[in-house]
Amino acid sequence: MVAIADGKRHAAQIVKRLKAAYPDARCALDFQSPLQLLVATILSAQCTDTRVNIVTKDLFGKYPDAKAFAAARPSELERAIQSTGFFRNKAKNIKNCCRELVEHHGGEVPQDLDSLVKLPGVGRKTANVVLGTAFGIPTGVVVDTHIARLSRRLGMTRHSDPVKIERDLMGQLPKREWIDFGHRMIAHGRRICVARKPKCDQCPLDSICPRIGVADRS
DNA sequence: ATCCCGAGGG
DNA sequence: CCCTCTGGAT
């Protein structure tokens, strides 16, 4: 058993080293408004941020606001986002989501978790991204595929359920760290602590990492 | 648990 | 070929 205080101490060490390694980590998705971040985050499901940015470059010019997305022709929207994968689901979700925004939120993105999660295609992860990064409201900790993987490897959680991982992380991190912690963990997961063959020899966290579930190098 | 689904890396 | 990429709905 690891005591709670030890969990917090371990987390503080991780935060300190992440800050040193990624001093100005920020959201890798390109956006200029809460709505754009919401759409980009829906598109980011099982897709690289680079690919999302390629698609949104033209998409946001073609659909400037929620009303435009709500009125989109499904076939055209699908074609515009096709390369991000899951394009039928994503197109339907974006259209219906923006219809909800127009009909129930004055065309704006709501700033609370309950309203966001009720939107079609918006789960807890997407809601936390929008609240934290677009509005600066640390409501929870973003748990995506990177943060889930790194949190387990680093011994910050033993769970695989994102909700349980989020609860563990929230208990170890001060609220003011939640948003940047997410950005830095994702940056670290993309560059060093990658899924397949993590580059432990280049990792600034190596000396404090239990490497849980990481295969031994021979 | 399963489905949606294209693109890139190894 | 296989695995992974800032998931969510059923």
Side-chain angles (χ1 to χ4, degrees), chain A residues 18 22 25-31 34-59 74-75 77-100 109 113-135 138-154 156-157 159-166 169 178-199 213-215 217-218:
Chain A
L18 285 175
Y22 309 97
R26 58 175 186 84
C27 182
L29 299 171
D30 295 335
F31 68 99
L35 177 69
Q36 289 188 355
L37 180 58
L38 176 60
V39 172
T41 308
I42 291 173
L43 291 175
S44 74
Q46 299 295 292
C47 180
T48 61
D49 52 355
T50 305
R51 174 58 52 184
V52 173
N53 290 335
I54 290 171
V55 164
T56 56
K57 190 170 185 294
D58 294 325
L59 187 72
S75 58
L77 187 52
E78 287 176 4
R79 182 156 39 81
I81 66 172
Q82 191 259 356
S83 69
T84 66
F86 298 161
F87 59 89
R88 292 186 189 86
N89 282 341
K90 288 176 181 176
K92 179 166 29 130
N93 285 147
I94 290 168
K95 181 177 168 68
N96 292 337
C97 177
C98 286
R99 179 185 296 155
E100 287 289 316
V109 179
L113 188 66
D114 288 341
S115 299
L116 281 167
V117 169
K118 285 177 185 168
L119 297 170
V122 179
R124 205 179 164 81
K125 179 256 170 182
T126 298
N128 278 332
V129 167
V130 170
L131 287 169
T133 299
F135 295 123
T139 309
V141 177
V142 170
V143 178
D144 63 2
T145 179
H146 290 300
I147 295 170
R149 180 180 69 251
L150 269 63
S151 297
R152 282 197 300 273
R153 285 179 175 171
L154 285 163
M156 300 181 83
T157 184
H159 296 291
S160 51
D161 173 9
V163 174
K164 293 179 180 175
I165 295 174
E166 183 179 2
L169 294 177
W178 290 356
I179 297 171
D180 287 337
F181 174 80
H183 293 151
R184 292 182 175 123
M185 287 279 275
I186 291 169
H188 189 56
R190 286 173 52 208
R191 299 174 200 178
I192 305 290
C193 196
V194 294
R196 191 80 77 98
K197 277 178 63 182
K199 304 166 183 172
V214 177
R217 295 165 301 174
S218 52

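A quick note: this is a predicted structure, and the numbers were derived from the prediction, not measured. Chain letters run A, B, ... following the sequence lines, proteins first, then strands; residues in each count from 1.
- Residue Val143(A) is classed as having no contact, given no heavy-atom separation below 4.0 Å to the nucleic acid.
- Positionally, the nearest nucleotide of DNA chain C for Val194(A) lies more toward the 5' end than for the other of Val194(A) and Val122(A).
- Phosphate contact (OP1/OP2 of dG6(B), side-chain N/O of Arg51(A), threshold under 4.0 Å): absent.
- Residue Ser83(A) has no polar side-chain atom (N or O) positioned under 4.0 Å from OP1 or OP2 of dA7(B).
- Residues satisfying the side-chain contact (heavy atoms from CB on, under 4.5 Å) criterion with Ala80(A), sequence neighbours excluded, are Leu59(A).
- When rounded to the nearest whole Å, the span between CD1 of Ile147(A) and P of dC5(C) equals 12 Å.
- At dG8(C), one or more side-chain N or O atoms of Thr126(A) fall inside 4.0 Å of OP1 or OP2 (strictly under the cut-off).
- Considering every non-hydrogen atom in both Glu100(A) and Leu119(A), the closest pair reads CB-CD2, 3.7 Å.
- Using a 4.0 Å heavy-atom criterion, one finds that Ala40(A) contacts no nucleic acid atom at all.
- The residue Leu119(A) sits close only to the backbone: its heavy atoms come under 4.0 Å of sugar-phosphate atoms, none of a base.
- Residue-level contact check: Thr84(A) touches neither bases nor backbone, having no heavy atom under 4.0 Å from any strand.
- In terms of modelled atom types and a separation under 3.5 Å, the side chain of Lys90(A) and the main chain of Leu43(A) share a donor-acceptor contact.
- For Arg149(A) and dC5(C), the shortest distance from a side-chain N or O to OP1 or OP2 is below 4.0 Å.
- When the P atom of dC5(C) is taken as reference, atom CZ of Arg196(A) falls 10 Å away, rounded to whole Å.
- Of the two residues near DNA chain B, Lys197(A) and Gln82(A), the one whose nearest nucleotide lies more 5' is Gln82(A).
- Between the side chain of Glu166(A) and the backbone N or O of Val141(A), at least one donor-acceptor pair lies under 3.5 Å.
- For dG7(C), the base is stacked against the aromatic ring of Phe86(A), per a cut-off of 5.5 Å between centres and 30° between planes.
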Residues 181-195 of chain A, side-chain donor-acceptor partners within the protein, below 3.5 Å, at least two apart:
from: His183(A); atom 1: NE2; to: Thr133(A); atom 2: OG1; distance (Å): 3.0
from: Arg184(A); atom 1: NE; to: Tyr22(A); atom 2: O; distance (Å): 2.8
from: Arg184(A); atom 1: NH2; to: Pro23(A); atom 2: O; distance (Å): 3.2
from: His188(A); atom 1: ND1; to: Tyr22(A); atom 2: OH; distance (Å): 2.6
from: Arg190(A); atom 1: NH1; to: Asp49(A); atom 2: OD2; distance (Å): 3.1

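- Across the interface with DNA chain C, nearest-nucleotide mapping of Lys118(A) and Cys27(A) shows Cys27(A) to be the residue nearer the 5′ end.
- To the nearest angstrom, P of dG9(B) lies 17 Å from CZ of Arg191(A).
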